[in-house]
Amino acid sequence: MKVFVTRLLPDTVMGRLELSKEISELRVNREDRPLTRKELEDGVGWCDIILSQLVDSIDSSLMNINPDLKLIANYAVGFNNIDVAAATEKKIPVTNTPGVLTETTADLTWALLMAISRRIVEADDFMRSGKYEAWSPTLLMGSDVHSKTLGIIGFGRIGFALAKRAQGFGMNILYSDVEEKSFASEVGAKYTDMYSLLKQSDFVSLHPFYDEKSHHLISERELKVMKPTSYLINVSRGPVIDEKALVNALSNREITGAALDVFENEPDMEPGLTDLDNVIIVPHIGSATLDTRTAMGNIAVENILAKINNSDLPSCVNPEVL
Ligand code: GLV
Ligand code: GLV
């Protein structure tokens, strides 16, 4: 089968694809940029299997170009770049890369939480710009993390992994989700509704599944419920936050700070966001370690090989097509 890879993956993953005897032909975008729509269309028309990325919009009209498309293997745990309903209707299986990025994404969440509360980016900037003249009792004071309350919205794999880290810091842990999770007691996380969580938490971290229900889950009203001393962290999907409302809340110091790995209109940012000193912004690097990006690639490769060999797909998000 012919496999189309829309962007270079880590070396060992590329090696597996290139050496695979099962793959008859491989087409790879070797440019250091995402494909244009036209290039994506050409590739889809050519291939049997596409190994896609979050930046590739795999919609119904793209799928229509190739009625024989056999598999969409997405290189991410999320799949909101794919019209899964359309794929299901066309009987095309879609796979993702769950599990392997949980701990790595929780690590980044923790790094952001620590960095925003202790003003690490501001402090680094302060040093580099030669402003450090003498130690001062009130210089760059931040907020404690230990013993504070962490509110986790969306208690799935990543939310749980974050709670484990918070336990080590003696935090009081709350979570909200569509339903209570039995495994939450393992990390001492208490179930509550989202508004009580927002009201009580010193740190609010977002980990919901992104869909229409979680679109703008955090908007003006929710930001007003949060404590003025609190911080918001988002490593899930940008549109979970109404970014315009967040810029207003941060400018008016309705909350103390925010740390964001994802943005509402990635790669763009809401005007005003980069002018604020109480926000840390990083470019969607939640799973960006060599180990994890390699593990994600291996899962994508295993899904592709399983499809070619007609065996069970390790991680299919629409198993009803099988
Ligand atoms: C990253 O955002 C992913 O969904 O893997
Ligand atoms: C800080 O450097 C201290 O010694 O308290």
Side-chain angles (χ1 to χ4, degrees), residues 5-10 12-14 29 33-35 50-59 71-85 87 93-113 152-162 177 205-218 232-241 243 258-269 280-304 313-318:
V5 181
T6 66
R7 189 97 190 238
L8 274 180
L9 302 174
T12 52
V13 181
M14 291 315 301
N29 167 23
R33 60 165 176 81
L35 294 174
I50 178 169
L51 201 169
S52 58
Q53 321 263 319
L54 289 175
V55 293
D56 305 321
S57 172
I58 315 287
D59 52 29
L71 175 70
I72 302 167
N74 209 41
Y75 182 71
V77 67
F79 40 85
N80 55 302
N81 58 307
I82 301 171
D83 185 340
V84 176
V94 175
T95 60
N96 67 342
T97 64
V100 293
L101 48 69
T102 304
E103 299 294 333
T104 301
T105 305
D107 281 350
L108 182 84
T109 314
W110 195 256
L112 290 175
L113 185 152
I152 302 175
I153 297 182
F155 206 71
R157 288 179 286 238
I158 298 172
F160 179 77
L162 179 66
D177 204 315
S205 193
L206 304 174
H207 305 275
F209 180 77
Y210 175 63
D211 59 13
E212 12 358 290
K213 288 194 283 298
S214 57
H215 183 84
H216 283 191
L217 189 66
I218 302 298
L232 181 65
I233 297 135
N234 189 15
V235 300
S236 64
R237 282 292 179 268
V240 171
I241 299 179
E243 206 166 289
L260 309 172
D261 182 41
V262 289
F263 303 88
E264 188 162 355
N265 298 302
E266 245 169 84
D268 297 336
M269 283 174 285
I280 292 179
I281 43 183
V282 296
H284 204 146
I285 54 171
S287 62
T289 66
L290 180 59
D291 286 343
T292 291
R293 289 284 164 86
T294 301
M296 288 165 64
N298 283 332
I299 295 186
V301 172
E302 277 141 30
N303 278 292
I304 291 171
L313 299 176
S315 52
C316 184
V317 304
N318 57 346

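Just so you know, ligand 1 is whichever comes first in the structure, and atom 1 is the first atom listed for that ligand.
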side-chain hydrogen bond (donor to acceptor under 3.5 Å, both in side chains) partner of N74, chosen from T95, N81, N80, N303: N81

Find out whether L260 and M269 are in side-chain contact, i.e. whether some heavy atom of one side chain is under 4.5 Å from a heavy atom of the other. no

Any non-hydrogen side-chain atom of I153 less than 4.5 Å from a side-chain atom of I218? yes

Tell me: protein heavy atom nearest atom 2 (O) of ligand 1, and distance? H284 NE2, 2.6 Å

Starting from atom 5 (O) of ligand 1, locate the nearest protein heavy atom and write down its residue, its atom name and how far away it is, to 0.1 Å. V77 N, 2.8 Å

Is the backbone N or O of I158 less than 3.5 Å from a side-chain atom of T102, with the two atoms forming a donor-acceptor pair by type? no

Look at the rings of F209 and F79 and say which category their plane angle falls in: under 30° parallel, 30 to 60° tilted, over 60° perpendicular. tilted

For G78, the ligand 1 atoms with a heavy-atom partner under 4.0 Å come out as 3 (C), 4 (O), 5 (O)

Any luck finding a side-chain donor-acceptor pair between T6 and N29 under 3.5 Å? no

Please state which part of L54 comes within less than 4.0 Å of ligand 1, counting heavy atoms only: side chain, backbone, both or neither. side chain

Any idea which part of L101 is under 4.0 Å from ligand 1, heavy-atom wise: side chain, backbone, both or neither? side chain

Does an N or O from R237, backbone or side chain, lie closer than 3.5 Å to an N or O of ligand 1? yes

N/O of A76 under 3.5 Å from N/O of ligand 1, yes or no? no

